Structure formats: structure tokens, C-alpha cells
J.: 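So that we are looking at the same thing, I have put the structure below in C-alpha cells.
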Amino acid sequence: MYEPYVPGLRDVEREKHLVVLYWLDRADRTALAATPPHTGIEHGVFATRSPHRPNPIGISVADLVRREGNLLVVRGLDALDKTPVVDIKCYSPGIDCIPE
């Protein structure tokens with residue numbers, strides 16, 4: 001954790017869920033097509049959730065399990081260990097949830 005950002009964690013433990021944006025540093029940035037495992041059909045990369053894309057920004061909604069000082073323990077983050085975090089935002093059901 002970058003020490004200058006620690007004050008930005010104030011009150012984060014009050015949140016149940018966090019929106020985490022991260023940089024998919026191991027992604028293939030030249031990929032423009034992907035085949036999702038559940039379909040077996042190739043699609044344009046922007047019609048998939050593939051990490052391989054020209055601008056590999058990932059986003060997940062994660063459960064905040066607990067805060068330990070400047071460390072956030074989360075569950076449900078769709079990222080590999082050591083993936084760089086770009087930003088953290090509180091999840092707001094009224095803004096982030098689209099009713100179907």
C-alpha cells in the first residue's frame with residue numbers, strides 16, 4: 001500500500017462491498033477476439049469479459065471481509081495475486097445495480 005493513500009481508507013470498513021478497478025498486467029494487449037469458455041464461440045473482445053484486451057482494465061465487485069490497518073481483506077475479486085489495483089470505490093446498489 002502506498003502510504004500517502006492510507007487516509008483514503010478512513011471508514012471503508014463500514015462498506016459491505018467494494019468496486020475494485022485493477023490493471024491486468026499479464027494480459028495480451030493485442031487481442032481483439034476472445035472465446036469465452038462457457039460458449040466456445042469467438043466474439044470481439046469488447047463483447048466478452050476476457051482479460052486480454054487493448055486496455056486491460058479489470059473491474060470486480062468484492063465483499064469486504066475486514067480491514068487490517070492498511071490492508072483490505074476481500075472475497076470474490078476476479079484477479080490474480082499481485083495484480084495492481086488502480087482504484088477502490090464503495091459499492092452503491094442505487095447506482096451500481098441495474099434492475100432487469
Side-chain angles (χ1 to χ4, degrees):
M1 164 74 60
Y2 294 97
E3 205 59 36
Y5 299 119
V6 172
L9 293 176
R10 186 178 70 221
D11 299 326
V12 74
E13 62 275 3
R14 295 180 182 179
E15 302 299 325
K16 292 182 180 181
H17 312 290
L18 299 173
V19 177
V20 182
L21 288 95
Y22 43 94
W23 187 255
L24 299 164
D25 58 329
R26 288 159 265 188
D28 174 0
R29 295 185 68 189
T30 64
L32 293 176
T35 304
H38 63 281
T39 68
I41 301 168
E42 185 176 76
H43 299 280
V45 72
F46 300 120
T48 73
R49 301 211 25 126
S50 172
H52 304 296
R53 52 199 329 110
N55 191 356
I57 297 172
I59 184 169
S60 283
V61 176
D63 299 332
L64 178 58
V65 176
R66 67 184 174 280
R67 176 180 173 189
E68 297 174 359
N70 65 1
L71 176 72
L72 302 178
V73 177
V74 299
R75 179 180 24 252
L77 186 64
D78 185 22
L80 300 173
D81 286 345
K82 310 247 188 239
T83 298
V85 172
V86 176
D87 201 359
I88 301 168
K89 300 175 182 291
C90 64
Y91 173 82
S92 174
I95 296 170
D96 297 318
C97 181
I98 301 172
E100 296 202 21

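Computed over heavy atoms, backbone and side chain alike; hydrogens, waters and symmetry mates excluded. Along the sequence shown, the residues carry numbers beginning at 1. All values derive from a computational prediction rather than experimental measurement.
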J.: Please check if Ile59 and Tyr22 belong to a single hydrophobic cluster, counting links between Ile, Leu, Val, Met, Phe, Trp and Tyr side chain heavy atoms closer than 4.5 Å.
T.: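 Hydrophobic grouping puts Ile59 apart from Tyr22.
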
J.: After noting the C-alpha distance and the side-chain angles of Leu21 and Lys89, does the key distance pass the side chain to side chain contact (heavy atoms under 4.5 Å, CB included) rule?
T.: CA-CA 8 Å; Leu21 288 95; Lys89 300 175 182 291; 4.2 Å; yes

J.: May I ask whether Val85 and Leu9 are part of the same hydrophobic cluster, defined by side-chain heavy atoms of I, L, V, M, F, W, Y residues being less than 4.5 angstrom apart, directly or through others?
T.: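 Same hydrophobic cluster.
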
J.: So for atom CZ, which belongs to Arg49, do other residues, nucleotides or ligands contribute more than 12 heavy atoms lying within a distance under 6.0 Å?
T.: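 No, CZ of Arg49 has 12 or fewer neighbouring heavy atoms, counting only those of other groups under 6.0 Å.
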
J.: Can you give me the closest heavy-atom contact between Cys90 and Val19, atom names plus distance?
T.: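 Where Cys90 meets Val19 most closely, the heavy atoms are O-CG2, 4.3 Å.
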
J.: Roughly how far apart are Thr83 OG1 and Arg26 CZ, rounded to 0.5 Å?
T.: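 Answer rounded to 0.5 Å: 4.5 Å.
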
J.: How many angstroms lie between atom CZ of Arg14 and atom CZ of Arg67, to the nearest 0.5 angstrom?
T.: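 Going from CZ on Arg14 over to CZ on Arg67, the span is 11.0 Å.
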
J.: For Pro36 and Ala34, which heavy atoms make the closest approach, and how far apart are they?
T.: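 Closest approach of Pro36 to Ala34, heavy atoms only: CD-O, 3.5 Å.
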
J.: Rounded to the nearest 0.5 Å, what separation is found between the CG atom of Leu72 and the CZ atom of Arg66?
T.: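 Leu72 atom CG to Arg66 atom CZ measures 11.0 Å (nearest 0.5 Å).
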
J.: Would you say the side-chain atoms of Arg53 pair up with the backbone N or O of Val45, donor to acceptor, closer than 3.5 Å?
T.: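 Between the backbone of Val45 and the side chain of Arg53 there is a qualifying donor-acceptor contact (under 3.5 Å).
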
J.: State whether the number of non-hydrogen atoms from other residues, nucleotides or ligands found under 6.0 Å of Arg75 atom CZ is greater than 12.
T.: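 No, CZ of Arg75 has 12 or fewer neighbouring heavy atoms, counting only those of other groups under 6.0 Å.
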
J.: Check Arg29 against Pro56 and note the closest heavy-atom contact, atom names and distance.
T.: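 Scanning both residues completely, I find the closest heavy atoms to be NE-CD, 3.5 Å.
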
J.: Kindly determine whether Leu18 and Tyr91 satisfy side chain to side chain contact (heavy atoms under 4.5 Å, CB included), including the steps that lead there.
T.: CA-CA 5 Å; Leu18 299 173; Tyr91 173 82; over 6 Å; no

J.: When clusters are formed by joining ILVMFWY residues with side-chain heavy atoms under 4.5 Å apart, either directly or through shared neighbours, do Ile57 and Leu24 land in the same one?
T.: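 No; tracing contacts between hydrophobic side chains, which count when under 4.5 Å, never links both residues.
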
J.: Do Val74 and Val20 touch side chain to side chain, with heavy atoms closer than 4.5 Å?
T.: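 No; the side chains remain at least 4.5 Å from each other.
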
J.: So, for Pro4 and Pro7, which heavy atoms are closest and what is the spacing to 0.1 Å?
T.: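 Smallest heavy-atom distance, with atoms named: O-CD, 3.4 Å.
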
J.: Ignoring hydrogens and angles, tell me if any N or O in the side chain of Asp63 forms a donor-acceptor pair with the backbone of Val65 under 3.5 Å.
T.: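 Checking the backbone N and O of Val65 against the side chain of Asp63, no donor-acceptor pair under 3.5 Å is found.
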
J.: For residues His52 and Asp28, report the shortest heavy-atom separation together with the two atoms involved.
T.: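 So the two residues come closest at ND1-N, 2.9 Å.
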
J.: For the hydrophobic clusters of this structure (ILVMFWY residues joined by side-chain heavy atoms under 4.5 Å, transitively), does one cluster hold both Leu77 and Leu80?
T.: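 Shared cluster, no.
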
J.: With a 3.5 Å distance limit and no angle check, can you tell me whether Ser60 reaches the backbone of Ala62 through a side-chain donor-acceptor pair?
T.: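 It does not hold such a pair.
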
J.: For the atom pair NZ (Lys16) and CG (Leu64), what is the distance rounded to the nearest 0.5 Å?
T.: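 Those atoms lie 11.5 Å apart.
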
J.: Go through the steps to decide whether Val61 and Asp96 satisfy the test side chain to side chain contact (heavy atoms under 4.5 Å, CB included), and finish with yes or no.
T.: CA-CA 10 Å; Val61 176; Asp96 297 318; over 6 Å; no

J.: What closest approach, in Å, do Leu32 and Pro54 show between heavy atoms, and which atom pair accounts for it?
T.: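 For Leu32 and Pro54, the tightest heavy-atom pair comes out as CD2-CG, 3.6 Å.
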
